[in-house]
Every structure is written in C-alpha cells, then in structure tokens.
Amino acid sequence: MKTDPPHILCVNPWIHDFAAFDFWAKPLGLLSIAAMLRQAGSRVSYLDCLDRFHPGEDRPAKILWDGRGPYGKSPLDFKTTISPYLPHGSVLPEIGQTFSRYGISPERFIRDLKELDRPDLILVTSVMTYWASGVAETISCIKTQFPDVPVVLGGIYATLCRDHALALSGADRVISGPGEPVIADIVREFTGVNMDIPMDPDDLDSWPFPALDLQNHMAYAPILTSRGCPFSCDYCASSFLEPGLRRRSPDHVFHEIQHWHESRGIQNFAFYDDALLVNGERYAFPLLEKIGSSGMDLMFHTPNALHIREIDETAARLMFRAGFKTIRLGLETTDFAGTRNHDAKVKKDEFSRAVRALKTAGFNRDQIGAYLLCGLPGQDLGDVKSSMELVREAGITPVLAYYTPIPHTPMWDQAVKEARFDIRLHPVLTNNTLFPCVESEEEVGRIHQLKTLL
Ligand code: B12
C-alpha cells in the first residue's frame, strides 16, 4: 500500500447546448468531494471548462450585479458532434438550431492540462443529462494528454444515464449517486493510497465546506443547506438522485456564508436546496435570523424554487431582512383544481397567502417569480397562458420553466411515448430548448409566442 498523498485532478466539463448562461451554476458536488480529499491530505488540482474568469481568455468577463454572466462559446456542428454517440444505424432528427460548446476554448483547456504535473487520478463531474456530449469531449481531451491516468466520472448525468455514460463517456469508471461516501474507496482502488477520510454520511456538519476557493474567481457562492427532497414530483429526479432528506445545522451554514463573505468578499449567494423552507422553524428560520442580525451586507437568490406552502409571514419577513433579492416559487400551474398537478399540490389559498406575505414583507413584483411548467406531455397551452395571466394579476412575475424529460422519473415513460422524436437515442434530445414533448412544430410556435408575453 502506497502512503504518499495522491495528486487528484478534478474537472468540470464543457456544456454542449443550444443556449447556456451562468445562472449561478457551479459544480457543487465535485467541489464538495475536492474539499474532503484536500482535508485528508491529497493534493487537489481543479480545471473548470466553464470558467468565466480564466486568466488566459482574452475577453474581460461580464458580471451582472448578482454575480451571474455569460460563458465563452464556440460553435459546434450538431450532427457531427452527436452522431458518433448514437446507437448503430439510428438517425438524428433535424434540429434547426445552432449548437455550441460553452466555456473556455479547447486550446486553452489542453494548455491547462499540459501545465499540470501528471495527476494520479482524474475526477470528472457531470450536471445536466443533455450535456452528455460535452462530458465526452472533455474526457477525450483529457485522454490525449494523460492517456494512462484513470478517469472516474460521477454526477447527475452519470447517475441518471448510467448506461449511456458507461458506453459513451470514455471514462474508465462511472459512479452513480453521491460521491462522498465512496471517494476513499475510489482513491484506494485507483492510486493504491489508503486515505483516511473521516466522514459521517449522516452528519453533514462534519463535512468540510465545498472547495469553492479552487476557482480562479468567485462572483457568487452556491449554498446547500440540505441533501435530498421530501417530495417526489413526477417530473423531477431529486428523490432518485438522493433519497431521503438530510440537513445541516443553521450554525454550520451560517459559518460557511460568513466564511466566504469574510475571506473572499462574496455578497451574492444562491441556495441550491430542493426544500429550503421545509421544517423552517428548525432550520431556515434560525439561519435567516442569524444572517439578518449579523450586519453582513448580503444578497440571496433562490433559483431552485421555494415551496409555496412554506411561505408565511414569518418566512417572508425573515427572508426580506436577511437580504433575499430574487425569489422563485414552484407554482407549476394555476389550474389548482386540475388533475394535472405535479407538485405537492399547491392550493389557491396557499398561493395567495404566500404572495401576500412576500409583498407585505417588502418584496416587489420583479423580485418574485413563479415558475410555471411548460412543454409537458399532453399539456394544453391555454392553461399555461391563463396561469401566466393569473400570476401577473396576483402582482408577481410569471417565469416559464420548460419541461425536460428525465430518466428514472415517473413521467419518463409517458414522455418517451409522447415525444415528437425518440428521446432515448441521446440525452441531448431531451433538451428543453427542443420542446420534445410538445406535439407539433405549430404548438412549439405557440410557446414562442407565449414567451413574448412574459
Ligand atoms: C442546483 C440545481 C440547479 C441550479 C444550477 C446547478 C448547476 N450546477 O448547474 C439552477 C437553479 C440554476 C438549475 C437550473 C436548472 N435545472 Co437544476 N437542479 C439543481 C439541483 C436542485 C441540485 C444540483 C446540485 O448542485 N446538487 C448538489 C450537489 C452536491 O450534488 P451533485 O452535483 O449531484 O454531486 C453529487 C453527486 O452527483 C456526485 N458527484 C458529482 N460529481 C462527481 C464526480 C465524481 C468523480 C464522483 C465519484 C461523484 C460525483 O457526488 C456529489 C456529492 O454528493 C438538482 C436536483 C438535485 N437534487 O440534484 C436540479 C436538476 C439538476 N436540475 C434540473 C433541471 C431540469 C434544471 C432546469 C432545466 C430547470 C428548468 N426547467 O429551467 C434548469 C436548467 C439549467 C441549465 N443551465 O440548463 C434537473 C436535471 C435535468 C437533467 N436533464 O439533467 C434536476 C435533476 C432536477 C429535476 N427536475 O429533476 N438547477
């Protein structure tokens, strides 16, 4: 058994997509694993193909007031990019949209790889399933530089499309599910080093803060106060990705926020939680109380929707005082009585109560957006339009959330049946930009018209 600490390279791959923007998107899982490895003594390097602040890129990075901003981008030919990854004999449907690689240039990435000492192990993450070809391109670049270093792929695509990743990502090993409990075994297997990673999977307070500091620059920080979600909505993969709900203590989360603010001057924080306000009296409320009384000048965002029924006067007041600036509500539809209700069944009075509480607390129309699901199999677009009107009448802003079919969700089989093309051919065909489950091109045109009403 070797004893020298290994050198481990962590890589966040490119995005291949029809459109992409850094909406507070960071590979938090990979950076959490990186923090554990570092704490246990290994040397950790990090390459981020999505780095907006790469010192080698020519253009100065654009940063919006809230930390978000555009990625660099280079054009790709859709057919030649995806075709090598299709089952033998199958043909891609015609997609009349431009396809791009988002992030730093391949030349830049290869130069970064060349500048590194040879790692003992390379960990690659993956986020959206439909970015699969970006993962494969990243791994293929890594293999040109380090052909004999093992590459282990994990993350959301690796979990939800395991067979696809095994067959086509180019990784030597594909790990599905949370990485922290298995990382010591992976290091041992591939490097021969027995690392002591003391971690209690059930005590999130015993985990180090994610290694956000490995980034060249931080324009904002993602924050996760919990793992998992207590609900199982039929379009969502959360309960498959991480069964059960585990929470960090309010003190532990507060210290992390304080740490990034004091050590890196971070003002903008984006909560990644699936259930931030659930059981608020025990978790979110004490945290928000602490932040509100801390005197720190901070801004918070909830791009991943909040549960409407958890928003009462107390929650709204505490969020406003803590510095929440953009709030997103998981409304889905205002067809409250309808059969098609995918969340934990929001009722009309719960929606009105939440909006009233947020307005009374001081939030304005532009700060509160209600996500409405659009592009579901069999959906009547008239419902979407009337939901948009009702949301606007309630005094807040409708935000369309376009449906992405996801394997291992209850709605997947229906999506496969009703999609205009075979979405099983390649994950890119589930991309919501293509509206795969909308029955005709005319209906897609109607959605584009709805967008103009936003
Ligand atoms: C935060 C979040 C976002 C953030 C951005 C996240 C990001 N990094 O880009 C925001 C709010 C912007 C967002 C937006 C969207 N999201 Co989102 N999001 C999430 C959420 C809630 C959490 C992801 C996360 O960070 N988890 C926490 C970290 C710690 O976990 P992790 O990254 O998975 O890493 C762990 C493991 O995967 C593993 N691991 C990871 N890497 C590696 C590497 C190795 C080597 C190993 C061994 C292990 C390993 O270990 C890690 C630690 O445990 C998930 C749901 C969920 N519960 O996962 C949905 C989810 C990923 N989003 C989803 C969707 C649909 C969207 C949207 C399309 C929604 C919409 N309709 O507008 C948009 C699209 C964004 C885009 N750019 O295209 C879907 C996935 C869709 C898909 N096809 O893949 C999910 C699964 C939710 C769902 N509906 O089921 N999202």
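Counting convention: from 1, in listed order, for ligands and their atoms alike.
Side-chain contact between V346 and R309 is absent, with no heavy atoms from C-beta onward closer than 4.5 Å. Between R420 and E439 the shortest side-chain heavy-atom distance does not fall below 4.5 Å.
Taking the ring centroids of F435 and Y402, they lie under the 6.0 Å cut-off. Ring centers of Y102 and F21: at least 6.0 Å apart, outside the cut-off.
In this structure, atom 37 (O) of ligand 1 lies nearest to the protein heavy atom G155 CA, 3.2 Å. Considering only non-hydrogen protein atoms, atom 75 (C) of ligand 1 sits nearest to M128 CE, 3.8 Å.
The L241 neighbourhood of ligand 1 comprises atoms 56 (C), 58 (O), 86 (C), with distances under 4.0 Å to a heavy atom of that residue. Using a 4.0 Å cut-off to heavy atoms of L224, the atoms of ligand 1 that qualify are 27 (C), 29 (C). Atom numbering of ligand 1 starts at 1 in the shown order; those under 4.0 Å from a heavy atom of G179 are 38 (C), 48 (C), 50 (O), 51 (C), 52 (C), 53 (O). Of all atoms in ligand 1, listed by their number and element, those nearer than 4.0 Å to a heavy atom of F23 are 12 (C). Those atoms of ligand 1 with a heavy atom of A25 less than 4.0 angstrom away are 7 (C), 9 (O). Listed by number with element, the atoms of ligand 1 under 4.0 angstrom from any heavy atom of L123 are 45 (C).
Protein heavy atoms are absent from the 4.0 Å sphere centred on atom 54 (C) of ligand 1. Within a 4.0 Å radius of atom 2 (C) of ligand 1, the protein contributes no heavy atom. For atom 26 (N) of ligand 1, the nearest protein heavy atom lies 4.0 Å or farther away. Not a single protein heavy atom sits closer than 4.0 Å to atom 59 (C) of ligand 1. For atom 18 (N) of ligand 1, the protein comes within 4.0 Å by no heavy atom at all. Within the 4.0 Å cut-off (strictly below), a protein heavy atom is located near atom 79 (C) of ligand 1. The protein reaches atom 86 (C) of ligand 1 closely, with a heavy atom under 4.0 angstrom from it.
Here E242 has no heavy atoms under 4.0 Å from ligand 1, in either its backbone or its side chain. The proximity of D274 to ligand 1, defined as any non-hydrogen pair under 4.0 Å, is limited to the side chain. In T430, neither the side chain nor the backbone holds a heavy atom less than 4.0 Å from any atom of ligand 1. Residue N432 touches ligand 1 through its side chain alone, judged by heavy-atom distances below 4.0 Å.
Heavy atoms of other residues, nucleotides or ligands lying less than 6.0 angstrom from NZ of K143 number more than 12.
Distances from ligand 1 to the non-hydrogen atoms of V124 include at least one value under 4.0 Å. Heavy atoms of I406 approach ligand 1 to within less than 4.0 angstrom.
By the 3.5 Å distance cut-off applied to N or O atoms, A237 is counted among the residues near ligand 1. For ligand 1, none of its N or O atoms has an N or O atom of T404 under 3.5 Å away. The shortest N or O to N or O distance between T129 and ligand 1 is under 3.5 Å. Looking at T159 next to ligand 1, no N or O pair under 3.5 Å apart turns up. Between E180 and ligand 1, an N or O atom pair is found at a separation short of 3.5 Å.
A search for side chain to side chain donor-acceptor pair (under 3.5 Å) contacts involving Q145 returns K114, not counting sequence neighbours. For the side chain to side chain donor-acceptor pair (under 3.5 Å) test, residues two or more places apart in sequence or in another chain that qualify with E137 are H16, R101.
For atom 23 (C) of ligand 1, the nearest non-hydrogen atom from the set L28, I156, L30, T433 comes from I156. Counting only non-hydrogen atoms, the option in I183, V127, I33, T125 that gets closest to atom 48 (C) of ligand 1 is I33. One option in Y130, F18, W131, Y371 has a heavy atom closer to atom 74 (C) of ligand 1 than any other, and that option is Y130. Closest to atom 42 (C) of ligand 1 by heavy atom, among G154, P210, G228, is G154. Looking at P181, G29, G177, P407 and measuring to atom 36 (C) of ligand 1, the nearest heavy atom belongs to G177.
Below 30°, between 30° and 60°, or above 60°: for F271 and F324 the angle between ring planes is below 30°, a parallel geometry.
Ion pairing between D120 and R43 fails under the 4.0 Å rule for side-chain N and carboxylate O.
Remark: side-chain polar atoms of Y46 are not paired, donor with acceptor, to backbone N or O of N216 under 3.5 angstrom.
With Y283 as the aromatic partner, R247 meets the cation-pi criteria of under 6.0 angstrom to the ring centre and within 45 degrees of the ring axis.
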